[in-house]
Q: 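I have a structure I would like to understand better, so I am pasting it below and will then ask my questions one at a time.
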Amino acid sequence: MAAKTDGTEGVDGAGGPAAAEAEASERAALGYEQARDELIDVVRRLEAGGTTLEESLALWERGEELAKVCRHWLEGARARLDAALAAGDGEPPTSE
């Protein structure tokens with residue numbers, strides 16, 4: 001089997017401790033913007049079509065992983081904002 005060059009290498013859909021460890025490692029390695037940009041590329045490639053079923057599934061799985069990375073970063077940002085608001089007067093600023 002030839003090596004993949006489409007950014008989907010190592011995507012096998014397997015769960016378990018090794019997969020969870022790899023996911024946590026990827027979250028630490030990828031910044032939000034990098035994961036978002038790669039996710040945009042994956043979506044473009046899926047929408048363009050022209051890939052085999054196997055390639056499409058690998059792209060979809062990669063997209064799911066990237067979405068988790070983005071979600072992790074966004075949840076962390078939300079927690080930091082909430083903590084900053086709580087440390088202040090406890091009330092978010094109004095738009096009045």
Q: So how far is it from L30 CG to K68 NZ, rounded to the nearest 0.5 Å?
A: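 These two atoms lie 14.0 Å from each other.
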
Q: Mind running salt bridge (charged side-chain N to carboxylate O under 4.0 Å, His left out) on E38 and R62 for me, showing each step along the way?
A: CA-CA 9 Å; E38 187 179 342; R62 179 64 178 158; 2.8 Å; yes

Q: With sequence neighbours excluded, what pairs up with D82 under the salt bridge (Lys or Arg N to Asp or Glu O under 4.0 Å) test?
A: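 D82 satisfies salt bridge (Lys or Arg N to Asp or Glu O under 4.0 Å) with R78 only.
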
Q: How far does CD of E65 sit from SG of C70, to the nearest 0.5 angstrom?
A: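 Going from CD on E65 over to SG on C70, the span is 12.0 Å.
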
Q: Any sub-3.5 Å donor-acceptor pair from W60's side-chain atoms to L46's backbone N or O?
A: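 Pair absent, no side-chain N/O of W60 close to backbone of L46.
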
Q: Which value, rounded to the nearest 0.5 Å, describes the distance between E54 atom CD and L59 atom CG?
A: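 Rounded to the nearest 0.5 Å, the CD-CG separation comes out at 11.0 Å.
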
Q: Check A29 against Q34 and note the closest heavy-atom contact, atom names and distance.
A: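 Result for this residue pair: O-OE1, 4.2 Å.
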
Q: Quick check: closest heavy atoms across L39 and G63, and the distance to 0.1 Å?
A: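 Of all heavy-atom pairs spanning L39 and G63, the closest is CD1-O, 3.5 Å.
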
Q: Using side-chain contact (heavy atoms from CB on, under 4.5 Å) as the criterion, list what pairs up with L74, not counting sequence neighbours.
A: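 Partners of L74 by the side-chain contact (heavy atoms from CB on, under 4.5 Å) criterion, ordered by chain and then number, come out as Y32.
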
Q: Which pair of non-hydrogen atoms, one from A35 and one from V69, has the smallest distance, and what is that distance?
A: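 Smallest interatomic distance, heavy atoms only, reads CB-CG1, 3.6 Å.
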
